[in-house]
Amino acid sequence: YSKDEATVIFVLGGPGAGKGTQCAKLVEDYGFKHLSAGDLLREEQDRPGSEFGDLIKSYIADGKIVPMEVTVQLLENAMRASIDSGNNKFLIDGFPRKMDQAVAFEETVVPSSFTLFFDCPEDVMEKRLLNRGKTSGRADDNIESIKKRFRTFIETSMPVVDHFEAEGRVVKIKATRPPEEVYKDVQASFASRGI
Ligand code: UP5
Ligand code: MG
């Protein structure tokens, strides 16, 4: 891809910070294509004949980061399909969550415009995820997996946010208030960037 072909905003934040919820609103109002790396991995896991099904399943249950090659390929395929059908503005949700992924994606796919980071304390995220777990059917919405996801987020994914932040490329949003309130801050930050 070239910069003229795709605009990418990374959407990061801990498990349950509200990435998917806010992306859905942005799709409605701004026409972005929302690509959740986690959703793409879950789809691939369930695709009959996938050679990665078992691998993805065990990584997700353990809250570990699936090897980058798999995720980047899924993202590239989805981006290509969207560009071909006329939408080249992307919210890439839940990726990159490891330094090597961040570097590889920006070097080999396309540099991001900036990162939208949802900042939320663990106790709030834990409550949200346990609540969602009553109905989500997600294999990682149980307390054991949630603790592992939190640990991976702190040890592996926060360094990515810190790296982009040091480059002045992070828009940080407090994500504790109700979804509509959080979204107002997102819209204000987009407006201040001329979006
Ligand atoms: N909710 C949302 N916002 C709220 C608010 N402001 N106030 C009150 N409640 C709010 O929201 C979570 C829940 O909270 C929902 O019930 C919602 O209604 C409520 P959601 O918007 O779904 O939050 P989100 O941040 O998207 O949480 P999610 O669980 O999707 O985050 P994760 O980052 O844990 O999950 P993801 O799907 O991105 O990744 C899952 C796994 O896939 C990873 O652990 C990893 O194993 C694997 N993965 C990779 O290996 N590589 C990747 O690149 C990506 C994923
Ligand atoms: Mg999500």
Side-chain angles (χ1 to χ4, degrees), residues 8 10-27 34-46 52-79 90-106 109 112 115-158 160-161 173-187:
V8 165
F10 291 142
V11 181
L12 299 178
K19 302 182 290 296
T21 301
Q22 296 298 320
C23 283
K25 295 179 186 296
L26 287 166
V27 165
H34 174 212
L35 296 179
S36 156
D39 288 349
L40 290 170
L41 287 165
R42 283 182 287 273
E43 272 169 37
E44 175 65 17
Q45 177 196 303
D46 296 338
F52 302 117
D54 292 341
L55 176 135
I56 292 171
K57 196 173 192 165
S58 75
Y59 273 79
I60 286 184
D62 274 342
K64 290 194 301 196
I65 314 293
V66 173
M68 160 175 86
E69 292 69 24
V70 177
T71 315
V72 171
Q73 190 60 59
L74 292 172
L75 283 169
E76 284 203 273
N77 293 349
M79 286 175 71
F90 297 98
L91 296 171
I92 299 201
D93 159 3
F95 176 96
R97 53 213 294 158
K98 198 171 173 180
M99 250 342 273
D100 65 338
Q101 301 180 335
V103 173
F105 187 92
E106 291 206 304
V109 185
S112 63
T115 292
L116 187 58
F117 173 63
F118 291 105
D119 195 12
C120 198
E122 251 179 38
D123 58 332
V124 174
M125 298 194 290
E126 182 178 305
K127 278 201 196 90
R128 289 181 186 174
L129 292 174
L130 287 173
N131 189 46
R132 187 181 64 185
K134 293 174 194 162
T135 54
S136 68
R138 266 181 59 164
D140 58 350
D141 279 348
N142 57 78
I143 193 65
E144 293 77 25
S145 291
I146 289 169
K147 295 283 183 204
K148 292 177 184 171
R149 289 156 72 192
F150 286 166
R151 191 181 172 119
T152 301
F153 174 67
I154 295 297
E155 291 178 352
T156 311
S157 304
M158 265 318 282
V160 176
V161 179
I173 305 283
K174 269 186 65 178
T176 39
R177 293 185 299 153
E180 283 305 329
E181 301 297 313
V182 174
Y183 187 57
K184 280 183 195 154
D185 289 349
V186 174
Q187 287 189 297

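In each ligand, atom 1 is the first atom listed, and ligand 1 is the first ligand listed.
Nearest heavy atoms, K19 versus L12: CD-C, 3.7 Å. In terms of heavy-atom proximity, F153 sits nearest to G13 at CE1-C, 3.6 Å. The heavy-atom pair separating L91 from L26 by the smallest distance is CD1-CB, 3.7 Å. Taking every heavy atom of both residues into account, F52 and E44 meet most closely at CD1-OE2, 3.9 Å.
Of all the atoms in ligand 1, the ones that sit under 4.0 Å from a non-hydrogen atom of A37 are 52 (C), 53 (O), 54 (C). When each atom of ligand 1 is checked for a heavy atom of G94 under 4.0 Å away, the hits are 52 (C), 53 (O), 54 (C). Of all atoms in ligand 1, listed by their number and element, those nearer than 4.0 Å to a heavy atom of F95 are 53 (O). Every atom of ligand 1 is numbered from 1 in the order shown, and the set under 4.0 Å from a heavy atom of T71 is 53 (O).
Taking the charged nitrogens against the carboxylate oxygens, D62 and R151 have no contact shorter than 4.0 Å, which rules out a salt bridge. Classification of K57 and D54 as a salt-bridged pair fails, no side-chain N sitting under 4.0 Å from a carboxylate O.
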Using the side chain to side chain contact (heavy atoms under 4.5 Å, CB included) rule, take E122 and I154 through it: C-alpha gap first, then chi angles, then the decisive distance, then the call. CA-CA 10 Å; E122 251 179 38; I154 295 297; 4.1 Å; yes

Does D140 form a side chain to side chain contact (heavy atoms under 4.5 Å, CB included) with K148? I'd like the steps, not just the answer. CA-CA 9 Å; D140 58 350; K148 292 177 184 171; over 6 Å; no

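Considering only non-hydrogen protein atoms, atom 15 (C) of ligand 1 sits nearest to R132 CD, 3.9 Å. The protein atom (non-hydrogen) at minimum distance from atom 27 (O) of ligand 1 is G16 N, 3.0 Å. The single protein non-hydrogen atom nearest to atom 31 (O) of ligand 1 is K19 NZ, 3.1 Å, given as residue, atom name and distance. Annotation: atom 37 (O) of ligand 1 to nearest protein heavy atom, R42 NH2, 2.9 Å. Closest to atom 45 (C) of ligand 1, if we only count protein heavy atoms, is K64 O, 3.4 Å. Among protein heavy atoms, atom 20 (P) of ligand 1 sits closest to T21 OG1, 3.6 Å. Ranking protein heavy atoms by distance to atom 42 (O) of ligand 1, first place goes to I60 CG1, 3.6 Å. Counting only heavy atoms of the protein, atom 9 (N) of ligand 1 lies nearest to R128 NE, 3.5 Å.
For the residues L41, L74, V66, L130, the heavy atom positioned nearest atom 48 (N) of ligand 1 is part of L41. Within the set R97, R149, E181, K127, the minimum heavy-atom distance to atom 36 (P) of ligand 1 is found for R97.
Distances from ligand 1 to the non-hydrogen atoms of P178 include at least one value under 4.0 Å. Distances shorter than 4.0 angstrom do not occur between any heavy atom of M68 and any atom of ligand 1. Residue G14 places a heavy atom under 4.0 Å from ligand 1. Ligand 1 does not have T176 within reach: every non-hydrogen atom of the residue lies 4.0 Å or more from it.
The line from NZ of K64 to CG of L55 is 9.0 Å long, rounded to the nearest 0.5 Å. The NE2 atom of H34 sits 6.5 Å away from atom CG of D39, with the distance rounded to the nearest 0.5 Å. Atom-to-atom distance recorded for R138:CZ and I60:CD1 is 7.5 Å, nearest 0.5 angstrom. Atom-to-atom distance recorded for S157:OG and F95:CZ is 11.0 Å, nearest 0.5 angstrom. Separating the CZ atom in R97 from the OG1 atom in T71 is a distance of 9.5 Å, to the nearest 0.5 Å. Rounded to the nearest 0.5 angstrom, K127 NZ and I146 CD1 are separated by 12.5 Å.
At a 3.5 angstrom cut-off on N or O pairs, R177 counts as close to ligand 1. Ligand 1 has an N or O atom lying under 3.5 Å from an N or O atom of P179, backbone or side chain. Among the atoms of G20, some N or O lies under 3.5 angstrom from an N or O of ligand 1. For ligand 1, the polar-atom distance check against R138 finds a nitrogen or oxygen pair separated by under 3.5 Å. Ligand 1 has a nitrogen or oxygen under 3.5 angstrom from a nitrogen or oxygen of G18.
Of the heavy atoms in Y59, only backbone atoms (N, CA, C, O) come closer than 4.0 Å to ligand 1. Residue contacts with ligand 1 for L129 involve side-chain atoms from C-beta outward but no N, CA, C or O (heavy atoms, distance under 4.0 Å).
Counting only distance, with no hydrogens or angles, the side chain of S112 and the backbone of V8 share no donor-acceptor pair below 3.5 Å.
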